[in-house]
Amino acid sequence: MPKKREYTDDYPEKTLYLPGPTEVRDDVTDAMAQPMFGHRMDRMTDLYTTIVEDTKEFLGTDNDVIVLTASGTEFWEATTLNLVDEDMLVATCGSFSERQANVAERLGKNVDRLEYEWGEAVKPEDVRAALEESDKTYDAVGTVMNETSTGVRNPIEEIGDLLADYPDTLFIVDAISCLGGDFIDIEEHNIDAIFTSTQKAFAMPPGLAVCAVSDDAYEREANSESASWYGGFQRCIDYYDRKGQTHSTPAIPIMLAYRKQMKHMLDEGHEARDQRHREMAEYTREWANEHFDVFPEEGYESQTVTCVENAQGIDVAATIDAVSEEYDFVFSNGYGSELGEKTFRIGHMGEHDVESIKALTDAIEDVADL
Ligand SMILES: Cc1ncc(COP(=O)(O)O)c(C=O)c1O
């Protein structure tokens with residue numbers, strides 16, 4: 001049992017270079033401080049229809065968009081319950097994709113795994129082979145677009161393209177740690193459900209999860225015996241279509257922040273945001289290669305989080321503490337006990353730019369005497 005540690009009002013402000021939560025603009029934080037209003041008032045319809053339609057415009061999709069009060073994990077459960085009756089193929093290459101498989105098993109689905117070593121990326125030809133060799137018709141294939149634990153960016157576009165040959169198998173993509181910072185054409189690549197959390201590359205406070213849902217996914221749920229109540233696509237989308245609101249009381253302050261930030265995202269645009277993230281990733285990889293190594297398989301490096309292999313054997317925990325103490329910058333250790341000291345991770349997502357990432361790498365150089 002943890003002892004109560006009284007929250008105080010005097011924490012130093014830290015700049016976040018985590019793979020989420022990340023930095024939030026001041027005007028976005030300020031947007032939350034409004035007198036409360038009711039979730040069945042017209043004002044709520046204005047707010048919710050604005051954020052849903054702006055998100056579609058930003059992502060360039062005609063698919064339905066659900067913005068739900070939850071963390072992204074909710075859509076692991078909901079997509080599985082809504083779209084998988086029996087059999088699911090999950091391609092795993094790190095902690096989060098493994099958890100996607102675990103969630104589906106916990107929900108009683110038959111899960112076949114296509115497994116890769118941590119640091120490797122999922123290969124489309126292996127997905128095709130798995131589909132061909134199985135005597136099952138999988139209800140869905142699931143995987144992550146960006147494996148946050150290893151800094152791998154999976155070739156989601158190619159996997160989606162090959163799934164066009166398997167019309168009964170829907171494609172579920174966890175894009176939690178990259179959507180908004182790594183361009184994806186959802187419809188072009190047959191993605192039936194793709195989801196994120198707001199605290200990642202959307203650069204908003206945590207508390208909302210966003211999912212874009214294809215017509216096929218919406219229809220599939222109609223025949224599902226296990227569809228989610230809270231995250232049911234039909235319940236969420238039908239309620240939106242009828243009333244422009246959410247089926248239950250949402251986190252209104254975070255939606256106010258969302259509205260503000262999505263306008264900034266629209267001003268910048270999906271492609272320009274992609275380009276800025278590409279530049280940050282390239283800079284961070286160059287720096288990592290100069291001083292350490294890059295952990296993920298070459299050619300599959302993430303655009304939003306660089307997983308640096310600690311080739312110099314620095315004390316990762318001590319360096320993180322010292323950078324936080326001396327510079328008020330926070331970055332992340334490697335994932336779990338296996339990678340904790342073997343790697344560290346720099347989140348270059350959301351509102352950061354090359355200059356702000358350079359401030360962090362300069363600080364690491366200083367503290368670790370590189
Ligand atoms: C790839 C991936 N999937 C799922 C999650 C879980 O997201 P949330 O904490 O918003 O539920 C994370 C969180 O870091 C993630 O990076």
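Atoms within a ligand are numbered from 1 in the order they appear, just like the ligands themselves. Count residues from 1 along the sequence.
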task: Could you find the nearest protein heavy atom to atom 12 (C) of ligand 1 and give me its residue, atom name and distance?
output: Phe96 CE2, 3.3 Å
field: Asp182-His277 side chain donor-acceptor pair, cut-off 3.5 Å
entry: no
message: Which residue is it: Phe329, Tyr327, Phe331? I am looking for the one with a ring-ring contact (aromatic ring centres under 6.0 Å, His included) to Tyr17.
response: Phe329
message: Under 4.0 Å from a heavy atom of Asn146: which atoms of ligand 1 are those, numbered in the order shown and with their elements?
response: 1 (C)
field: Salt-bridge contact Asp112-Lys136 (side-chain N to carboxylate O under 4.0 Å)
entry: yes
- prompt: Would a line drawn from the ring center of His39 to the ring center of Tyr48 be shorter than 6.0 Å?
  reply: no
message: Using only atom types and a distance under 3.5 Å, with no angle test, would you say the side chain of Arg345 pairs donor to acceptor with the backbone of Thr148?
response: yes
- line: If we number the atoms of ligand 1 from 1 as shown, the ones under 4.0 Å from a heavy atom of Gly72 are 8 (P), 10 (O), 11 (O)
query: Got the closest protein heavy atom to atom 9 (O) of ligand 1, with its distance?
result: Gln199 NE2, 3.9 Å
field: Shortest protein heavy-atom distance from atom 6 (C) of ligand 1, along with the residue and atom involved
entry: Thr73 OG1, 3.6 Å
query: Taking only heavy atoms of Thr148, which atoms of ligand 1 are found under 4.0 Å from at least one of them?
result: 1 (C), 2 (C), 15 (C), 16 (O)
query: Should Arg273 and Glu351 count as an ion pair when the cut-off is N to O under 4.0 Å?
result: yes
- prompt: If you count the atoms of ligand 1 from 1 in the order shown, which ones are under 4.0 Å from a heavy atom of Ser197?
  reply: 7 (O), 8 (P), 10 (O)
message: Looking only at protein heavy atoms, which one is nearest to atom 3 (N) of ligand 1, and what is the separation?
response: Asp174 OD2, 2.6 Å
message: Quick check: Trp118 with Phe295 (ring centres under 6.0 Å apart)?
response: no
query: Does at least one non-hydrogen atom of Lys200 fall below 4.0 angstrom from an atom of ligand 1?
result: yes
